[in-house]
Amino acid sequence: MKPSIATHQIYFNSAYLGSQLSSLQLPEQCYLLGLVREDRVYTLADNPEIAEQDWLIAVALSESLLPELELYLKQTKAQ
């Protein structure tokens with residue numbers, strides 16, 4: 001089993017914009033590592049509110065889970 005990293009930038013229509021980092025629920029065997037904002041890394045312990053232009057960093061414990069994780073991170077607000 002090879003772990004894989006996923007990154008996703010938050011945009012104005014992200015379902016997670018304004019949410020606390022620790023509130024994100026990822027698929028089974030996928031874990032949120034934190035986020036990058038400007039030149040700083042925030043961890044789950046920091047628990048920042050997710051803002052536009054943040055980069056979410058997550059890991060899937062198996063390569064086969066990566067497509068599901070990436071799809072989840074790209075969720076947008078319902079129109």
Side-chain angles (χ1 to χ4, degrees):
M1 216 170 28
K2 178 183 172 189
S4 296
I5 300 288
T7 60
H8 178 70
Q9 190 168 27
I10 297 296
Y11 294 106
F12 71 95
N13 62 342
S14 171
Y16 310 116
L17 188 62
S19 299
Q20 294 300 126
L21 187 61
S22 64
S23 71
L24 270 68
Q25 299 295 313
L26 298 184
E28 194 171 316
Q29 296 187 16
C30 297
Y31 300 92
L32 194 60
L33 301 178
L35 65 80
V36 175
R37 179 180 296 152
E38 296 175 3
D39 292 332
R40 182 165 178 214
V41 176
Y42 294 85
T43 67
L44 285 174
D46 298 319
N47 199 26
E49 185 175 290
I50 299 169
E52 195 170 346
Q53 302 302 312
D54 285 349
W55 284 92
L56 297 178
I57 312 297
V59 63
L61 295 184
S62 171
E63 271 182 308
S64 64
L65 299 170
L66 192 57
E68 181 181 2
L69 175 58
E70 289 177 340
L71 186 62
Y72 186 87
L73 293 175
K74 293 177 183 178
Q75 288 185 25
T76 58
K77 294 177 186 175
Q79 298 297 330

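For the single chain, residues carry numbers from 1 onward in sequence order. Quick note: numbers below take in every heavy atom, side chains included, and nothing from hydrogens, waters or symmetry partners.
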(message) Determine whether D46 and L21 satisfy the following criterion, side-chain contact (heavy atoms from CB on, under 4.5 Å), listing intermediate values before the conclusion.
(response) CA-CA 9 Å; D46 298 319; L21 187 61; over 6 Å; no

(message) The test is side-chain hydrogen bond (donor to acceptor under 3.5 Å, both in side chains); show your working for S22 and N47 and say whether it passes.
(response) CA-CA 6 Å; S22 64; N47 199 26; 2.9 Å; yes

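When every heavy atom of A6 is checked against every heavy atom of E70, the shortest pair comes out as CB-CG, 4.0 Å. Y31 approaches L26 most closely through the heavy-atom pair C-CD1, 3.5 Å. Closest heavy-atom contact between M1 and S62: CG-CB, 3.6 Å.
Y72 and L65 fall into different hydrophobic clusters, defined by Ile, Leu, Val, Met, Phe, Trp and Tyr side-chain heavy atoms under 4.5 Å apart, directly or through other members. V36 and L33 fall within the same hydrophobic cluster, defined by Ile, Leu, Val, Met, Phe, Trp and Tyr side-chain heavy atoms under 4.5 Å apart, directly or through other members. Residues I5 and L61 are members of one and the same hydrophobic cluster, defined by side-chain heavy-atom contacts under 4.5 angstrom among Ile, Leu, Val, Met, Phe, Trp and Tyr.
In this structure, NZ on K2 lies 12.5 Å from OG on S64, to the nearest 0.5 angstrom. Put simply, OG1 on T43 and CG on L32 are 10.0 Å apart, with the number rounded to the nearest 0.5 Å. The distance from atom CG of L44 to atom CD of Q20, rounded to the nearest 0.5 Å, is 11.5 Å. Rounded to the nearest 0.5 Å, atoms CD (Q25) and OG (S19) are 11.0 Å apart. Here the straight-line distance linking atom CD of E28 with atom CG of L69 works out to 13.0 Å at 0.5 Å rounding. Taking SG of C30 as the start and CG of L24 as the end, the distance is 12.0 Å to the nearest 0.5 Å.
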Atom pairs and distances, side-chain donor-acceptor, residues 50-59, under 3.5 Å, sequence neighbours left out:
{"unit_1": "Q53", "atom_1": "OE1", "unit_2": "Q9", "atom_2": "NE2", "d": "2.8"}
{"unit_1": "D54", "atom_1": "OD1", "unit_2": "R37", "atom_2": "NE", "d": "2.8"}
{"unit_1": "D54", "atom_1": "OD2", "unit_2": "R37", "atom_2": "NE", "d": "3.4"}
{"unit_1": "D54", "atom_1": "OD2", "unit_2": "R37", "atom_2": "NH2", "d": "2.8"}
{"unit_1": "D54", "atom_1": "OD2", "unit_2": "A51", "atom_2": "N", "d": "2.8"}

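Looking at heavy atoms from C-beta onward, L35 lies in side-chain contact with P48 at the 4.5 angstrom threshold.
Outside the 6.0 Å centre-distance limit, the rings of Y11 and Y16 are not counted as a close aromatic pair.
Residues meeting the side chain to side chain contact (heavy atoms under 4.5 Å, CB included) test with P67, sequence neighbours left out: none. Evaluation of the ring pair (Phe, Tyr, Trp, His ring centres under 6.0 Å) rule for Y42 yields no partner, not counting sequence neighbours.
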